[in-house]
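Order of the sequence lines fixes the chain letters, A, B, ..., with proteins taken first and strands second; residue numbering starts at 1 for each chain.
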Amino acid sequence: MQRLELRRADLRFPLPRDFAARVAGRRIQALSRRAKYLLVDFEEDLTLIAHLGMSGSFRIEADEGANLPGVFHHERSKDEKHDHVIFHLERPEGAVRIVYNDPRRFGFMDLMARSELDTYPAFRELGPEPVGNMLSADYLATRFAGRAQPLKSALLDQKVIAGLGNIYVCEALWRSHLSPTRKVATLVTKTGKPKPQLTLLASSIREVIADAIEAGGSSLRDHIQADGTLGYFQHFFRAYDREGRECLTDGCGGTVERIVQSGRSTFYCRACQK
DNA sequence: CAGCTCCCCTGATTGC
DNA sequence: TGCAATCAGGGGAGCT
């Protein structure tokens, strides 16, 4: 990490004090992810936390004169005015820039000591990841018992499950034949155990995420993968953005409708999602 | 505390 | 063609 070029001082929130100076000259040691946050570990126990919001993206470009295999060369575009943060990296093979672009500026970046990451406000109460075996029906039953919340808002709540967004919640509920307006407590038995439908929901959530990862992401029209090709999961939507169209559940014959919950669009079929 | 609504910002799309 | 209204993948502040 040679230097950091800040083209504006704020994204969604002001960037941390001395942001550029604190990361400049430090070697990058690891890249990882927690929920919807990207984590970049620098030397000396410093981690950059980055969130793309709804319109943020990173792209990698070779600096002038460098011709690096595997580095995607982008066309210059009108969107360049939304290039807000540019990381200049030196590598033995040549220099690259990593450019953060975000038209809506709903994304943000922050810095924290890696050793203190668990105390970062957004991480403190984060639920389990929807991949792997942490997301079980038993876990959901403990979170849902006695609660009046609609399923849709519970699944969007990052404290319940980390990293599910609007599209995947709609898709998981459709796959489970569960209504987004249903109260979460109705999926738990009197003794606090998951009903069979909750077991189905837990596996639907894991599957929809796995399918989306395999398809390379799902953003509505402009999502690109790291190698510059399009993410294709949007072609696999079964409920999301299908208002007025026929439900794809075998033998259902219903119509997908759009409702608004907590200010966000929900797409579902009231004929087969109960 | 739980569960809403509103709002941050810009661009794409739709309707007149 | 132009212009205004509507909507968007997230999440935090602040209300009831």
Q: Taking C-beta and beyond as the side chain, do A:Leu187 and A:Arg182 meet within less than 4.5 Å on heavy atoms?
A: yes
Q: Can you tell me the distance, in whole Å, between the CG atom of A:Asp157 and the P atom of B:dC1?
A: 14 Å
Q: At less than 4.0 Å, is any side-chain N or O atom of A:His82 found next to OP1 or OP2 of B:dC9? Yes or no.
A: no
Q: Please give, in whole Å, the distance from C:dG10 C1' to A:Asn166 CG?
A: 9 Å
Q: If you count heavy atoms of other groups shown closer than 6.0 angstrom to CG of A:Asp118, is the number above 12?
A: no
Q: Taking atom P in both C:dT6 and B:dC6, compute the distance separating them and give it to the nearest angstrom.
A: 14 Å
Q: Can you tell me, in whole Å, how much space there is between the C1' of B:dA12 and that of C:dG11?
A: 22 Å
Q: Mind checking if A:Ser265 touches a base, just sugar-phosphate, or nothing, with heavy atoms under 4.0 Å?
A: sugar-phosphate
Q: Do the side-chain N or O atoms of A:Gln149 get closer than 4.0 angstrom to the phosphate oxygens (OP1, OP2) of B:dG3?
A: yes
Q: In residues 140-148 of chain A, which residues come under 4.0 Å of DNA chain B by heavy atom?
A: A:Arg147, A:Ala148
Q: Just say parallel, tilted or perpendicular for the rings of A:Phe87 and A:Phe58, cut-offs at 30° and 60°.
A: tilted
Q: Starting from Watson-Crick (N1-N3 plus N6-O4 or O6-N4) and G-U wobble pairs under 3.5 Å, report the runs of at least three that DNA chain B belongs to.
A: B:2-8 with C:10-16, B:10-16 with C:2-8
Q: Would you call the rings of A:His84 and A:Tyr100 parallel, tilted or perpendicular, taking 30° and 60° as the class edges?
A: tilted
Q: Would you say a side-chain N or O of A:Gln158 is under 4.0 Å from OP1 or OP2 of C:dG10?
A: no
Q: May I have the distance from A:Phe267 (atom CZ) to C:dC7 (atom P), rounded to whole angstrom?
A: 11 Å
Q: NA contact type, A:Phe108, heavy-atom cut-off 4.0 Å: base, sugar-phosphate, or nothing?
A: nothing
Q: Does A:Arg12 put a side-chain nitrogen or oxygen below 4.0 Å from OP1 or OP2 of B:dC9?
A: no
Q: Please report, rounded to the nearest Å, how far the C1' atom of C:dC7 is from the CG atom of A:Asp241.
A: 11 Å
Q: Would you mind reporting whether A:Arg270 and A:Glu257 have side-chain heavy atoms less than 4.5 Å apart?
A: yes
Q: Shared ILVMFWY cluster between A:Tyr120 and A:Leu39, side chains joined below 4.5 angstrom?
A: yes
Q: Between A:Arg105 (CZ) and C:dG10 (P), how many Å, whole number?
A: 19 Å
Q: Among the nucleotides C:dG12, C:dC7, B:dC9, which one has an atom lying closest to any side-chain atom of A:Ala122?
A: C:dG12
Q: Would you find more than 12 non-hydrogen atoms of other residues, nucleotides or ligands less than 6.0 Å from A:Arg8 atom CZ?
A: yes
Q: State which residue, out of A:Thr181, A:Asn166, A:Thr266, fulfils the side chain to side chain donor-acceptor pair (under 3.5 Å) condition with A:Gln261.
A: A:Thr266
Q: Please determine whether a side-chain nitrogen or oxygen atom of A:Lys81 lies at a distance below 4.0 Å from atom OP1 or OP2 of B:dG11.
A: yes
Q: On a whole-Å scale, what distance lies between the P atoms belonging to C:dG14 and B:dC9?
A: 15 Å
Q: Please state how far atom CG in A:Leu156 lies from atom P in C:dG11, giving the value in whole angstrom units.
A: 9 Å
Q: Within a strict 4.5 Å, meaning less than it, do heavy atoms of the A:Val99 and A:Glu80 side chains meet?
A: no
Q: Could you give the CG-to-P distance, from A:Leu126 to C:dG10, as a whole number of Å?
A: 14 Å
Q: Can the ring centroids of A:Phe237 and A:Phe267 be said to lie less than 6.0 angstrom from one another?
A: no
Q: In whole angstrom, what separates A:Glu243's CD from B:dT14's C1'?
A: 14 Å
Q: Below 3.5 Å, does any donor atom in the side chain of A:Arg104 face an acceptor in the base of C:dA8, or the other way round?
A: yes
